[in-house]
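Predicted, not measured: the structure shown is a model, and the values here were computed from it.
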Amino acid sequence: MDYANLRRQAASLKRSLFDQGYLDEQFCQVEDLQDEASPNFAEEVVSLFFKDSARLVTNIEQAMEKYPKDFNRWDAHMQQLRGSCFSIGASKMNNECTSFRNSCREENAEGCRRSFQKVKREHAVLRQKLESYFQLLRQAGPARTTAVRSGGK
């Protein structure tokens, strides 16, 4: 197996995630917390993010169904998701969460629904892309962290 090629692919995928606006510098800060004692730290944090964010998305869906037009409740749930997005550098999702919250402030239910669909779509796309990224890193082996960081933003 060509480990150097896998590391280049991982670095390229990471760059594309930044270039396409899926991630911001906060993601690099999470990766920088990795060390020999916790070599999979970033992957573990991202895994926890997706577990928690899936729960938050479900909470938002339920609130929108159970409490129609309760924009304060919807906004409170979305603020939790937005904070989670911010913590890992999920900038596209964070932006969509902000759009949703703006629609809540305007009491625009249709705008909230549209934004929420975008949040869910961005969530699914980001999950798939980050799963691919971490899979490449696992395949590339332990030398991956230095090579990928120097190739990233």
Side-chain angles (χ1 to χ4, degrees), residues 1-61 63-64 74-106 108 111-153:
M1 190 174 287
D2 184 359
Y3 297 111
N5 186 43
L6 290 171
R7 285 188 287 277
R8 281 191 299 277
Q9 287 177 34
S12 176
L13 178 54
K14 180 179 172 180
R15 271 191 305 277
S16 75
L17 290 171
F18 279 88
D19 293 345
Q20 296 171 24
Y22 286 102
L23 297 175
D24 63 26
E25 193 59 33
Q26 181 63 28
F27 183 78
C28 290
Q29 292 178 13
V30 171
E31 283 192 317
D32 287 343
L33 295 172
Q34 283 187 167
D35 58 19
E36 290 177 13
S38 56
N40 299 319
F41 180 77
E43 184 174 9
E44 291 168 7
V45 168
V46 168
S47 177
L48 288 172
F49 163 77
F50 282 114
K51 182 179 179 183
D52 189 51
S53 60
R55 178 187 57 81
L56 292 170
V57 165
T58 298
N59 290 349
I60 295 165
E61 283 178 328
M64 291 175 79
W74 298 2
D75 183 59
H77 285 294
M78 187 58 76
Q79 177 57 22
Q80 288 180 319
L81 180 57
R82 186 175 172 269
S84 293
C85 293
F86 181 79
S87 71
I88 69 153
S91 58
K92 249 188 188 183
M93 269 190 74
N94 190 16
N95 292 341
E96 292 303 335
C97 291
T98 299
S99 293
F100 179 96
R101 296 190 72 218
N102 290 339
S103 292
C104 282
R105 284 187 203 98
E106 297 165 0
N108 177 352
C112 288
R113 285 185 192 84
R114 279 193 307 270
S115 292
F116 187 54
Q117 291 307 312
K118 290 178 184 177
V119 166
K120 292 194 302 186
R121 193 167 37 251
E122 293 302 335
H123 184 264
V125 169
L126 183 63
R127 178 189 293 262
Q128 181 271 317
K129 289 180 180 290
L130 285 176
E131 284 175 354
S132 296
Y133 172 68
F134 287 115
Q135 181 179 8
L136 284 169
L137 291 180
R138 284 191 305 275
Q139 290 171 349
R144 72 188 187 264
T145 53
T146 303
V148 171
R149 281 204 190 106
S150 65
K153 287 192 168 194

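Shortest non-hydrogen contact noted between Cys97 and Arg82 is CB-CB, 3.8 Å. Scanning both residues, Phe49 and Met93, for their nearest heavy atoms gives CZ-SD, 4.0 Å. In plain terms, the two heavy atoms of Gln20 and Lys92 that are nearest each other are O-CE, 3.2 Å.
Residue Leu136 holds its CG atom at 11.5 Å from CZ of Arg7, rounded to the nearest 0.5 Å. How far CD of Glu31 is from CD of Glu25: 10.0 Å, rounded to the nearest 0.5 Å. Taking CG from Asp75 and CD from Gln80, the interatomic distance works out to 10.5 Å, rounded to the nearest 0.5 Å. Separation of atoms CD (Glu44) and CG (Leu48) is listed at 7.5 Å; rounding is to 0.5 Å. The CZ atom of Phe41 lies 9.0 Å from the CG atom of Asp35; values are rounded to the nearest 0.5 Å. One distance of note links OG of Ser115 with CG of Asn95; it measures 11.0 Å at 0.5 Å rounding.
Under the 30°/60° scheme for interplanar angles, the aromatic rings of Phe18 and Phe27 are found to stand perpendicular. Taking the six-membered ring where the residue is Trp, Trp74 and Phe100 present tilted rings, their angle falling between 30° and 60°.
Residues Lys118 and Ser99 have side chains not in contact (no heavy-atom distance under 4.5 Å, counting atoms from C-beta outward). Within the 4.5 Å cutoff, no side-chain heavy atoms of Glu96 are placed close to those of Leu81. Residues Phe50 and Leu126 have side chains in contact (heavy-atom distance under 4.5 Å, counting atoms from C-beta outward). Between Thr98 and Arg101, the closest side-chain pair of non-hydrogen atoms is not below 4.5 Å. In this structure, the side chains of Glu43 and Tyr133 stay at 4.5 Å or more apart for every pair of heavy atoms. Here the side chains of Leu130 and Leu23 are in contact, with some heavy-atom distance below 4.5 Å. Proximity of His77 to Leu56: side-chain heavy atoms (C-beta onward) are nowhere separated by under 4.5 Å. Annotation: side chain of Arg127 is in contact with side chain of His123 (closest heavy-atom distance under 4.5 Å).
For Glu36, the CD atom is loosely surrounded, since the number of other residues' heavy atoms within 6.0 Å does not exceed 12. The environment of Phe134 atom CZ is dense: over 12 non-hydrogen atoms of other residues, nucleotides or ligands sit within 6.0 angstrom.
In this structure, the side chain of Ser91 engages the main chain of Gly21 through a donor-acceptor pair within 3.5 Å. Of the possible donor and acceptor atoms, none in the side chain of Ser12 sits under 3.5 Å from a partner among the backbone N and O of Gln9. Listed for the Gln34 side chain is a donor-acceptor partner under 3.5 Å among the backbone atoms of Ala42.
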Q: Evaluate the side-chain contact (heavy atoms from CB on, under 4.5 Å) criterion for residues Met78 and Val119: first the C-alpha distance (whole Å), next the side-chain angles of each, then the deciding distance (0.1 Å), finally the verdict.
A: CA-CA 10 Å; Met78 187 58 76; Val119 166; 4.2 Å; yes
